[in-house]
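Along the sequence shown, the residues carry numbers beginning at 1. Predicted model only: the values in this text are computed from it and were never measured.
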Amino acid sequence: EWVLDKVVKIISKPDIPAKVATPLIAKLQALSFKFKMQGKTYMLSAKSEPSAAVKKNYYLTLAEETDKLVQALKYTTKTY
């Protein structure tokens, strides 16, 4: 829920000062890592669970897209 709220704010007002973006980058990067690890867990150890493939794909996609958002924010902080 926190991530979605921040993403909506970024979309509605993309001019983010570097002082605001820096802690946001750190939090989003940590969430991306968490999502990647959850996806890997479903890939490697939770294979027997009926919806493991769906959860794996969900978490890995979420990690990838969060990474893209972080990269865009890093670019924004370098540009402004």
- T22 side-chain N/O to K19 backbone N/O, donor-acceptor pair under 3.5 Å: no
- T66 and L28 have their tightest heavy-atom pair at CG2-O, 3.4 Å
- Query: Are Y59 and V54 connected, step by step, through hydrophobic side chains (Ile, Leu, Val, Met, Phe, Trp, Tyr) whose heavy atoms are closer than 4.5 Å?
  - Reply: no
- Message: Applying salt bridge (charged side-chain N to carboxylate O under 4.0 Å, His left out), can you list everything that pairs with K56, at least two apart in sequence or on another chain?
- Response: none
- Could you grab the distance from atom NZ of K34 to atom CG of L62, nearest 0.5 Å is fine? 10.5 Å
- Note on the structure: When rounded to the nearest 0.5 Å, the distance separating CD1 of I16 from CD1 of I25 is 8.5 Å
- Query: Are the side chain of T61 and the backbone N or O of Y58 linked by a donor-acceptor pair below 3.5 Å?
  - Reply: no
- Message: Main chain of T41, side chain of S45: is a donor-acceptor contact present, judged purely on distance under 3.5 Å?
- Response: yes
- Query: Same cluster or not: are L69 and F33 linked, directly or through other Ile, Leu, Val, Met, Phe, Trp or Tyr residues, by side-chain heavy atoms under 4.5 angstrom apart?
  - Reply: no
- Determine whether Q38 and L60 make a side-chain contact, defined as any pair of heavy atoms from C-beta on separated by less than 4.5 Å. no
- Looking at NZ of K74 and OG1 of T76, how far apart are the two atoms once the value is rounded to the nearest 0.5 Å? 12.0 Å
- Message: Could you see if M37 belongs to whatever hydrophobic cluster contains L31? Use Ile, Leu, Val, Met, Phe, Trp, Tyr and a side-chain cutoff under 4.5 Å.
- Response: no
- Which atom of S32 lies closest to which atom of D67, heavy atoms considered: OG-OD1, 3.1 Å
- Apply side-chain contact (heavy atoms from CB on, under 4.5 Å) to the pair Q71 and K68, showing each step before the final yes or no. CA-CA 5 Å; Q71 294 306 318; K68 288 179 185 178; 5.7 Å; no
- Query: Heavy-atom distance under 4.5 Å between the side chains of K40 and M43, does that happen here?
  - Reply: yes
